[in-house]
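Have a look at the structure below, then the notes.
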Protein chains: 2
Amino acid sequence: MPKDRAPTRIQKKNRAAILEAALNVFSAHGFRGATVDQIAAEAGLSKPNLLYYFPSKEAIHTALLSGLLDTWLAPLHELDADGDPMEEILSYIRRKLQMSRELPRESRLFANELVQGAPRIHEALSNDLKALVDDKTTILTQWMDEGKIARLHPYHLIFSIWALTQHYADFDVQVRAILGNEDPFAGAEPFIDTLYRKLLTP
Amino acid sequence: MPKDRAPTRIQKKNRAAILEAALNVFSAHGFRGATVDQIAAEAGLSKPNLLYYFPSKEAIHTALLSGLLDTWLAPLHELDADGDPMEEILSYIRRKLQMSRELPRESRLFANELVQGAPRIHEALSNDLKALVDDKTTILTQWMDEGKIARLHPYHLIFSIWALTQHYADFDVQVRAILGNEDPFAGAEPFIDTLYRKLLTP
DNA sequence: CGTGAGTTTGACCAGATGGTCAAATCAAGA
DNA sequence: TCTTGATTTGACCATCTGGTCAAACTCACG
């Protein structure tokens, strides 16, 4: 393992390649289903070389998850208490749906982890995620109190947004098996938009 | 392997025990993450004994999935073209939500499979599932044409029901990490009910 | 009972997998 | 160019895992 100095050009390149490869493999096969050889091959490195940059398979997985958590939560962070309630929520939804379209691997990486009980990120859920959600539901509740949007259970409102948007990334195969050649997102966006306009209108 | 006669009392008992154990293990760890030893232990059998009843790990998984597919699709089957549109859809939703509450392992079994690209049930999706959904969306479209419910993309309407209801089983850890002690379903049922009443009202 | 089919198991195997290590190779600054 | 730390690798190891097999045991029934 390299010293703890500033990372070399080569270190940067290889670490990035490993994380990129790991994202492919872990999101497609889950932690247990992924093999170090597979990740190494996809990153264009030999297995011992990969293990020179990360001490273990687990370490790669952890680095990947914690590195992506911020990206994953960014859309919700942007929800602004001072904006127009309906527009704020709808644009949050649009950002989430866009992430499902553009970052399906990231979505499935988390889905894999969550479905299996989140053994490796349970703490982040109870701390970071819960704090963020609590913060934003306060805003939602405020808007409801002011009559700006319909009164609903704020937590379930958020869950519904996650469920509806991530469904298209996580269960992509199923969606495509049913829609055939139709682009899932082409229909999803107006559908979800309509749904929340109707739901949130007081 | 036993003859292909009528199954013995012991055969019935052990096959059932194996499938029950396999449901626990596969739903919690995915196909690759589950081990035959684990399933055998949970079923109270030795590994060779388990493999006396099923020829392979794969065979157990397949038997489990195909055996549960009917159960899983039953609620949608019940959607009746002759019933009251709003009530038919809302009670379909209630049945699905109830399945999430009562059969979360089954939900996660399918979720695990789907997230990883459904390598083992892809065919069932494109055939059985697609046929069923096509059948039921015809009914939905009819209701829309008759002005009984709001006009929406029927496929996405179904996807939304799946997403919203199964979310509570599949991502149970996340939901509970955020809700704390609150019972997820206590809030989910009225929320989802309200959501679809508003959405479907023309 | 006795017997044959059904059931169970300890011992074993081959391949996969995560990980190690010493030796070889490479890169860049003095 | 030389030196030193960074990088890479072939060979290797222990463990896990799906699966096999022959021998032992149990059960139902004539």
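All values reported here derive from a predicted model rather than from experimental measurement. Each chain gets a letter, A, B and so on, in the order its sequence line appears, and its residues count up from 1.
A/K12 places its NZ atom 16 Å from the P atom of D/dA6, with the value rounded to the nearest Å. Rounding to whole angstrom units, CZ of residue A/R15 and P of D/dA6 are separated by 12 Å. For the pair A/Q11 CD and D/dA6 P, the interatomic distance rounds to 8 Å; values are reported in whole Å. Look at CG on A/D37: it is 18 Å from P on D/dC16, rounded to the nearest Å. For the pair A/Y53 OH and C/dG19 P, the interatomic distance rounds to 18 Å; values are reported in whole Å. Straight-line distance from the CZ atom of B/F54 to the P atom of C/dT8: 14 Å, rounded to whole Å. The NE2 atom of A/H29 sits 15 Å away from the C1' atom of C/dA16 (whole-angstrom rounding). One atom, CD1 of A/I39, and another, C1' of C/dT17, lie 12 Å apart when rounded to the nearest Å.
Between A/R32 and the phosphate of D/dT17, there is a side-chain N or O to OP1/OP2 separation shorter than 4.0 Å. Look at B/T8 and you'll find a side-chain N or O under 4.0 angstrom from OP1 or OP2 of C/dT7.
For A/I10, whose side chain is taken as the heavy atoms from C-beta onward, the closest listed nucleotide among C/dG18, D/dG19, D/dT8 is D/dT8. Closest to the side chain of A/R9, out of D/dT7, C/dA28, C/dT7, is C/dA28.
Applying the 6.0 Å contact sphere to CD of B/E102 captures more than 12 heavy atoms from other residues, nucleotides or ligands. Within 6.0 Å of CD in A/Q142 there are 12 or fewer heavy atoms belonging to other residues, nucleotides or ligands. Few gaps surround CD on B/E182; more than 12 heavy atoms of other groups in view lie less than 6.0 Å from it.
Under a 4.0 Å N-O distance rule, the pair A/E20/A/R105 qualifies as a salt bridge. We find that A/K148 and A/D84 are not joined by a salt bridge, their nearest charged nitrogen and carboxylate oxygen being 4.0 Å or further apart.
A cation-pi geometry, defined here as NZ or CZ lying under 6.0 Å from the six-membered ring centre and within 45° of its normal, holds between B/R15 and B/F54.
Aromatic pair B/H61/B/F31: ring centres closer than 6.0 Å.
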Under 3.5 Å, which N/O atoms of the protein pair with N/O atoms of nucleotides 9-14 of chain C?
residue : atom : partner : partner atom : Å
C/dT9   : OP2  : B/S46   : OG           : 3.2

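Within the nucleic acid shown, B/A34 comes within 4.0 Å of sugar-phosphate atoms alone, with no base atom in reach, counting heavy atoms only.
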